[in-house]
Amino acid sequence: MEYTSLGSTGTKVSKLCLGTWRFGKQTGDVLETDREEAHELLDAAADRGINFIDTANGYGDGDSERWIGEWLDDRDREEYVLASKVYWSQESRFSENLGRKNIRAEIEGTLDRLGTDYLDLYYIHRFDDDTPVEETLRTLNDLVREGKVNHLGASTMAAWKLTKALWKSDVEDLERFEVTQPLYHAAYYEDVSDYLEVCADQELAVCPYSPLAGGFLTGKYERDGDSVKSPDGSRGSFDEFFDDYYVSERGWDVLDAVRGVADEIDATPAQVALRWLIEREQFTCVPIVGARTVDQLDENLGAVEISLSSDHHDRIDAARAGEQ
């Protein structure tokens, strides 16, 4: 495993982060990852050198954090970098928000479920337009001062909102966001270039979720006329929003380019797509991989063992830009 600094912080993390969004997640009639499977994935990730684990208070209605906490009971907490999130409510029974009351309630619930005294990284899961950003930032600042949180992060939001929050932190002398978690992958369905430019300028680490476009960039999906042919058991076979969320004409062009590069370097499309993110030069980029099986995790980990040439990057970037 390779390790890198998490943006401008002194925290060292593996170049891939284990995502636990699927732990306890019910999609239709499918329980995507149960407790036993979750512990098996955590064991495999740790055995292979992954020290960075991402969760959230709402994943699996709290089961994701709870199962991670159970797993940590038999391990040294200090060996792992734990990230969780706040916005939706599990504890306060108030509507989702980033007000002081909600954040205070949610951090206690998260720490209790994880069985730890502190988080290494605490994200705001969404931007709260109804709560003054100063209230949110001061509350998060207090959590850092109290030792309950080491670093702060921000997930999905408009670039100008991220900029506003960073500016408020600077002028009010408050802890700032050091890490971001946008939806970002080679076959993106929506451009996040403005957001990423802020990250590059402010030296923020980028930990993208869905780095394989929900599995689209693994190469196991094929065109079927105007629709997508999905293998049995894949996300596309049971998620009714898969096509709209991850598939586009430009995405197919990117997948063709990724497949071509993979064939040349004896890698899989998933490994190439992940390596393309890891090798972003503008900012530290640590993809969050949400494998459903140990075999999938092992395939993803192969991204650490390969490298892409400038020509490979150029071809994938050209497909993203619609220049093929």
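- The cluster map of Ile, Leu, Val, Met, Phe, Trp and Tyr, joined by side-chain heavy atoms under 4.5 Å apart, puts Met157 and Leu152 in the same cluster.
- Residue Leu297 is grouped with residue Leu274 when hydrophobic side chains (ILVMFWY) are merged at heavy-atom distances under 4.5 angstrom, including chains of intermediate members.
- We find that Asp120 and Arg77 are joined by a salt bridge, their nearest charged nitrogen and carboxylate oxygen being less than 4.0 Å apart.
- In this structure, Lys85 contributes its side chain and Thr55 its backbone to a donor-acceptor pair below 3.5 Å.
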(request) Applying ring pair (Phe, Tyr, Trp, His ring centres under 6.0 Å), run through Tyr80 and Trp71 and close with a yes or a no. (result) CA-CA 12 Å; Tyr80 302 97; Trp71 177 81; 5.2 Å; yes
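- Residue Leu16 holds its CG atom at 10.5 Å from CD1 of Ile288, rounded to the nearest 0.5 Å.
- Cation-pi check for Arg250 over Trp252 is not met; the charged atom does not lie both under 6.0 angstrom from the ring centroid and within 45 degrees of its normal.
- Linking ILVMFWY side-chain heavy atoms closer than 4.5 Å, directly or via other members, places Tyr123 and Leu196 in two distinct hydrophobic clusters.
- Salt bridge status for Asp311 with Arg315: present, with a side-chain N to carboxylate O gap under 4.0 Å.
- Taking both residues in full, the closest heavy atoms of Ala187 and Gly251 are given as CB-CA, 3.8 Å, listed atom of the first, atom of the second, then distance.
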(message) Set out, in order, the CA-CA distance, both residues' side-chain angles and the distance that settles side-chain contact (heavy atoms from CB on, under 4.5 Å) for Arg100 and Thr136, then state yes or no.
(response) CA-CA 6 Å; Arg100 182 172 286 107; Thr136 298; over 6 Å; no
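- No continuous path of ILVMFWY side-chain contacts below 4.5 Å connects Leu121 to Val206, so the two sit in separate hydrophobic clusters.
- Between Asn150 and Val144, the closest heavy-atom pair is O-CG1, 4.1 Å.
- Shortest non-hydrogen contact noted between Ala270 and Asn300 is CB-OD1, 4.2 Å.
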(request) Using the salt bridge (charged side-chain N to carboxylate O under 4.0 Å, His left out) rule, take Arg138 and Glu172 through it: C-alpha gap first, then chi angles, then the decisive distance, then the call. (result) CA-CA 9 Å; Arg138 287 183 184 130; Glu172 300 287 345; 3.5 Å; yes
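- Put simply, the side chain of Lys168 does not reach to within 4.5 Å of the side chain of Leu174, judged on heavy atoms.
- Nearest heavy-atom pair across Ala303 and Arg275 is O-CD, 2.9 Å.
- Remark: aromatic rings of Trp67 and His39 are distant, center separation not under 6.0 Å.
- Judged by a 6.0 Å distance limit and a 45° cone about the ring axis, Arg35 is not positioned over the six-membered ring of Phe23.
- When every heavy atom of Val254 is checked against every heavy atom of Leu217, the shortest pair comes out as CG1-CD2, 4.3 Å.
- A side chain to side chain contact (heavy atoms under 4.5 Å, CB included) with Ile107 holds for exactly one of Val86, Thr139, Leu119; it is Leu119.
- Taking every heavy atom of both residues into account, Ser307 and Glu279 meet most closely at CA-OE2, 3.4 Å.
- Looking at Arg145 and Asp142, no side-chain N of the basic residue comes within less than 4.0 Å of a carboxylate O on the acidic one, giving no salt bridge.
- Between the CZ atom of Arg259 and the OG1 atom of Thr268 there is a distance of 11.5 Å, given to the nearest 0.5 Å.
- Between Asp298 and Arg48 there is a salt bridge, since a side-chain N of the basic residue sits under 4.0 Å from a carboxylate O of the acidic one.
- A distance of 6.5 Å separates OH of Tyr122 from CD of Glu106, quoted to the nearest 0.5 Å.
- The aromatic rings of Trp160 and Phe127 lie tilted to each other, with the angle between the two planes from 30° to 60°.
- The residues Arg66 and Asp112 are annotated as not salt-bridged, no charged nitrogen and carboxylate oxygen being separated by less than 4.0 angstrom.
- Taking CD from Glu65 and CG from Leu114, the interatomic distance works out to 4.5 Å, rounded to the nearest 0.5 Å.
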